[in-house]
**Student:** 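Let me give you the structure first, and then I'll get to my questions.
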Amino acid sequence: MTLHLYDTRRKEKVPFHPAIPGKVQMYVCGITPYSPSHLGHARCYIAFDLLHRWLEASGYDVDYVQNFTDIDDKIIKIANEDGVHFLEVANRNIEDYYLVMDALGVERADHYPRVTEHLEGIINMIEMLIEKEHAYVSSDGVWFSVSSAPEKFGTLTGNSIDAVQAGGSGRLDKSDKREHNDFALWKSAKPGEPAWDSPWGKGRPGWHIECSAMSLHHFGESFDIHGGGFDLRFPHHEAEIFQSECCTGKEPVVGIWMHNGFVRVDGEKMSKSLGNFWTVKDAFQIYDPIVLRYALLNAHYRNPIDVSEQLLDDAKGNQRKLSEIYGQAIIFKEEGEALVPLPPLPSGDTTSSEYLVQRIGVIESLAEEAARALDDDLNSRLALSKVQAGAKIISEVLNSDKIDEGDTASFASFSIDWIEEIAGLILGVLPTKEIAKAVFDPRLDPRRVAIRDEVESLLARRSIARHAKDWKAADEIRDRIAEMGVDVQDTPDGVEWSLK
RNA sequence: GCACAGGUAGCAAAGCCCGGUUACGCGAUGGACUGCAAAUCCAUUUUACAGGGGUUCGAAUCCCCUCCUGUGCUCCA
């Protein structure tokens, strides 16, 4: 099956065929760095990171461009409030972006162009649009004339010019544009604002033009995939279509338009005004970044996702289980049967090799199913369920009494490759080997070593109390240990403890 | 108002494009194991598809109508 992706413009899944066979040119709208990154950003860039990884795993050579809109009204406002240069505001938020996205396992794009580094290209593009009479100069800047190409209106959203005009009436600002739908290409500088020289005096680019200019710079007149948040369809992406296609005359500028669904919190859009706003760093206080990634991949990228405690807790449990099985496979490979001696084969049962061949066949077919799921417009939820199913079988085999001692390490080795390929390389929801081992065998957790003596001595006292059937004292000690962040488990093999 | 998404078992979420087979997970219930828990394992939770029409041998899936929710039309991933 070939990769199919949903194209917002055509409103259907379409087979993906890049313009240049084997190569993919992909542009995703980046952030406007006026504040730290929030969960909506995380969802968006994780979704497109998955696309990026999957394209590469499928053998494509991907050129991934993601911009930073490092000059805009809000950045200027915050810079003025803080009394710093606007680039200081932009830079600190870009730093935050890299920090949190790296933690979330988002692989870097190939290029991160910034508006402030592409003024020349932007100005050239505006000049060309004026020349072709798609844009006009007014007292307060340069505007794109939407009525110069009315057939392009509503390409992504189905909006009609009249309807948008009606919806926008009463909110007309005091700008000097000719028609309500016209949008700014160049904004003349107001006093005290950062400004660049241009044929139309000092000013700065409008919001939409930078993406057109930067994609033109990196890819030329057209490219394969353009992504971004659902809210960017209008006006931002429709404006890009106007600018790019009217400038170059080449259409369509974009092969497939992709938009990710929104993050909601308790059923409502996450927003600062509703007070349900989470920055990524806020979320990191409670959940491991990899758990957050797992949670955000556990829904289809185009559907809205409601971030709730249940969603995150589910992800935490599933991700932990996966890590545990991965860790077990690593340890079994490294130590073979030494760690857990295998009981003898039950008589008359399937032989080890037959059993293994059969199980490996099932696991491999699950990998194919996961690949099919991703080929079907990146169905990460379904892919994750196949990964979990495969991991479950791996766990059953590793713990099975039907497998010969000599086969354990080789099966473990097969399992590690399988998990690392699909859960690690493609989905990015795997921890490091060291962490995975500690999840499986808490004795290997370095954090445990620090408190081991104290916990062990408390456990010894609890053990005495238990033998004396002094349950009250025993439970008090367990509570005290719990306060140290430790879970105590009484198992048939004795008392065990682990970090919460 | 117009536009675009959604409405699937107790919750959550795939499946819908390409009608006919199980999603997966959580929770719940019963059991094993426990001093009690926790964890784990086994089993059960086999008229789920917003409502109403239609097409079809057969519809969650295709067509029509209605209702409800969210979002966009202003900066937003």
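Keep in mind that this is a model prediction, so the values were computed, not measured.
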**Student:** Starting at the 5' end of RNA chain B and moving along, which residue's nearest nucleotide shows up first, A/Gly228 or A/Leu384?
**Tutor:** A/Leu384
**Student:** Ring pair (Phe, Tyr, Trp, His ring centres under 6.0 Å) with A/His17: which residues, sequence neighbours excluded?
**Tutor:** none
**Student:** Is any N or O donor-acceptor pair between the side chain of A/Asn181 and the base of B/rC73 shorter than 3.5 Å?
**Tutor:** no
**Student:** Between the base of B/rG27 and the side chain of A/Asp313, is one N or O donor paired with an acceptor at under 3.5 angstrom?
**Tutor:**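 Answer no: no donor N or O sits under 3.5 Å from an acceptor.
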**Student:** Counting only side-chain nitrogens and oxygens, does A/Lys11 get under 4.0 Å of the OP1 or OP2 atom of B/rC4?
**Tutor:**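 Result: yes.
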**Student:** Please state the C1' separation for the pair B/rG51 and B/rU71 - nearest whole angstrom.
**Tutor:**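 The answer is 24 Å between these two C1' atoms.
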**Student:** Residues in side-chain hydrogen bond (donor to acceptor under 3.5 Å, both in side chains) with A/Arg10, at least two apart?
**Tutor:** A/Asp7
**Student:** Check A/Asp70 with A/Arg114, please: is the shortest side-chain N to carboxylate O separation under 4.0 Å?
**Tutor:**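 A/Asp70 and A/Arg114: salt-bridged.
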**Student:** Are the charged groups of A/Asp72 and A/Arg204 less than 4.0 angstrom apart, N to O?
**Tutor:** no
**Student:** Taking the basic N atoms (NZ, or NE/NH1/NH2) and the acidic carboxylate oxygens, is any pair closer than 4.0 Å for A/Lys472 and A/Glu476?
**Tutor:** yes
**Student:** With no hydrogens and no angle check, do the side chains of A/Glu179 and A/Trp143 hold a donor and an acceptor under 3.5 Å apart?
**Tutor:**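 On atom types as modelled, these side chains do not qualify, holding no pair under 3.5 Å.
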**Student:** B/rG10 and B/rG1: how far apart are their P atoms, nearest whole angstrom?
**Tutor:** 33 Å
**Student:** With the threshold set at 4.0 Å, does a side-chain nitrogen-carboxylate oxygen contact exist between A/Lys316 and A/Asp313?
**Tutor:**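 Here A/Lys316 does not pair with A/Asp313 in a salt bridge, since their nearest N and O are not under 4.0 Å apart.
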**Student:** Under a cut-off of 3.5 Å for both distances of each Watson-Crick or G-U pair, what dot-bracket string does RNA chain B give, using [ ] for crossing pairs and | for inter-strand pairs?
**Tutor:** ((((((((.[[...)....(....]]((((((.......))))))....[[[[[..)....]]]]])))))))....
**Student:** From the options B/rC36, B/rG72, B/rA77, select the nucleotide whose nearest atom is closest to the side chain of A/His41.
**Tutor:** B/rA77
**Student:** Touch check for A/Val488, heavy atoms < 4.0 angstrom, all strands: base, sugar-phosphate only, or nothing?
**Tutor:**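 Base contact.
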**Student:** So does A/Asp73 pair up with A/Lys187, basic N to acidic O under 4.0 Å?
**Tutor:**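 Yes, A/Asp73 and A/Lys187 are salt-bridged.
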**Student:** If I pick the C1' atom on B/rC24 and the same atom on B/rA12, what distance separates them, to the nearest angstrom?
**Tutor:** 11 Å
**Student:** Say we look at B/rA60 and B/rG7: how far apart would their P atoms be, to the nearest angstrom?
**Tutor:** 15 Å
**Student:** In whole angstrom, what separates A/Asp376's CG from B/rC18's P?
**Tutor:** 12 Å
**Student:** With respect to the side chain of A/Asn159, which nucleotide from B/rA23, B/rC75, B/rA3 is positioned closest?
**Tutor:** B/rA3
**Student:** Take the protein atom CG of A/Asp375 and the nucleotide atom C1' of B/rC18, then report the distance between them rounded to whole Å.
**Tutor:** 15 Å
**Student:** Rounding to a whole Å, what distance do you find between A/Arg302:CZ and B/rG7:P?
**Tutor:** 12 Å
**Student:** Rounded to whole angstrom, note down the C1' distance from B/rA14 over to B/rA48.
**Tutor:** 13 Å
**Student:** Flag the pair A/Tyr64 / A/Tyr27 as yes when their ring centroid distance falls below 6.0 Å, and as no otherwise.
**Tutor:** no
**Student:** Counting heavy atoms from C-beta on, name the nucleotide in B/rA77, B/rA3, B/rC16 closest to the side chain of A/Thr157.
**Tutor:** B/rA3
**Student:** Considering only atom C1', compute the distance from B/rU34 to B/rG27 and round it to an integer number of Å.
**Tutor:** 22 Å
**Student:** A/His259 side chain N/O closer than 4.0 Å to the phosphate oxygens (OP1, OP2) of B/rU71?
**Tutor:** no
**Student:** To the side chain of A/Ser385, which of B/rA14, B/rG72, B/rC24 is closest?
**Tutor:** B/rC24
**Student:** Quantified in whole Å, what is the P atom distance between nucleotide B/rA32 and nucleotide B/rA38?
**Tutor:**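 Each nucleotide's P atom is 15 Å from the other's.
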**Student:** Taking the side chain of A/Arg233 as its heavy atoms from C-beta onward, which of B/rC75, B/rC4, B/rC73 lies nearest to it?
**Tutor:**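 So the side chain of A/Arg233 is nearest to B/rC4.
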**Student:** Name the closest nucleotide to the A/Lys321 side chain, picking from B/rA77, B/rC26, B/rA23.
**Tutor:**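 Closest nucleotide among those given: B/rC26.
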**Student:** Please indicate yes or no: is the ring centre of A/Phe230 less than 5.5 Å from the centre of the six-membered base ring of B/rG72, with the two planes inclined by under 30 degrees?
**Tutor:** no
**Student:** Can you name the nearest heavy-atom pair linking A/Trp418 to A/Ala367, along with the distance?
**Tutor:** NE1-CB, 3.3 Å
**Student:** Say you pick atom P in B/rG6 and the same atom in B/rC16; how far apart are they, in whole Å?
**Tutor:** 12 Å
**Student:** Listing time: all N or O pairs from protein to nucleotides 10-13 of chain B that are below 3.5 Å?
**Tutor:**
| residue | atom | partner | partner atom | Å |
| --- | --- | --- | --- | --- |
| B/rC11 | O2' | A/Gln310 | OE1 | 2.7 |
| B/rC11 | O2 | A/Gln310 | NE2 | 3.2 |
| B/rA13 | O2' | A/Arg381 | NE | 2.9 |

**Student:** Ignoring hydrogens and angles, are the base of B/rC36 and the side chain of A/Arg466 linked by a donor-acceptor pair under 3.5 Å?
**Tutor:** no
**Student:** Categorize A/Arg9 for me: base, sugar-phosphate, or nothing, with a 4.0 angstrom heavy-atom threshold over every strand shown.
**Tutor:**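 No contact at all - A/Arg9 keeps every heavy atom at 4.0 Å or more from the nucleic acid.
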**Student:** With A/Tyr112, which residues qualify under ring pair (Phe, Tyr, Trp, His ring centres under 6.0 Å), at least two apart?
**Tutor:**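 Testing A/Tyr112 for ring pair (Phe, Tyr, Trp, His ring centres under 6.0 Å), a comparison that skips the adjacent residues, returns A/Phe68, A/Tyr98.
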**Student:** To the nearest Å, how far apart are A/Tyr97 OH and B/rA77 P?
**Tutor:** 11 Å
**Student:** Could you check whether A/Gln328 and A/Asn399, counting side-chain N and O atoms only, form a donor-acceptor pair closer than 3.5 Å?
**Tutor:**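 Looking only at side-chain atoms, A/Gln328 and A/Asn399 do form a donor-acceptor pair, the distance falling under 3.5 Å.
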**Student:** Looking only at the side chain of A/Arg264 (C-beta and beyond, no hydrogens), which of the listed nucleotides B/rG70, B/rA37, B/rA5 gets closest?
**Tutor:**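 Closest nucleotide to the A/Arg264 side chain: B/rG70.
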**Student:** Test for a donor-acceptor pair under 3.5 Å between the base of B/rG35 and the side chain of A/Arg462, counting only N and O atoms.
**Tutor:** yes
**Student:** If I take atom CG in residue A/Leu378 and atom P in nucleotide B/rG15, what distance separates them, rounded to the nearest angstrom?
**Tutor:** 12 Å
**Student:** Which residues pass the ring pair (Phe, Tyr, Trp, His ring centres under 6.0 Å) test with A/Phe183, not counting sequence neighbours?
**Tutor:**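 Once residues adjacent in sequence are excluded, the partners of A/Phe183 under the ring pair (Phe, Tyr, Trp, His ring centres under 6.0 Å) criterion are A/Phe144, A/His208.
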**Student:** If you assign each of A/Gln388 and A/Gly40 to its closest nucleotide in RNA chain B, which residue comes earlier from the 5' end?
**Tutor:** A/Gln388
**Student:** CZ of A/Phe262 versus P of B/rU69: gap in Å, rounded?
**Tutor:** 20 Å
**Student:** To the nearest angstrom, how far is A/Lys469 atom NZ from B/rU34 atom P?
**Tutor:** 12 Å
**Student:** Under 4.0 angstrom, heavy atoms only, what part of the nucleic acid is A/Gly30 near: base, sugar-phosphate, or nothing?
**Tutor:** sugar-phosphate
**Student:** Could you tell me how far apart A/Leu3 (CG) and B/rC17 (P) are, to the nearest whole angstrom?
**Tutor:** 19 Å
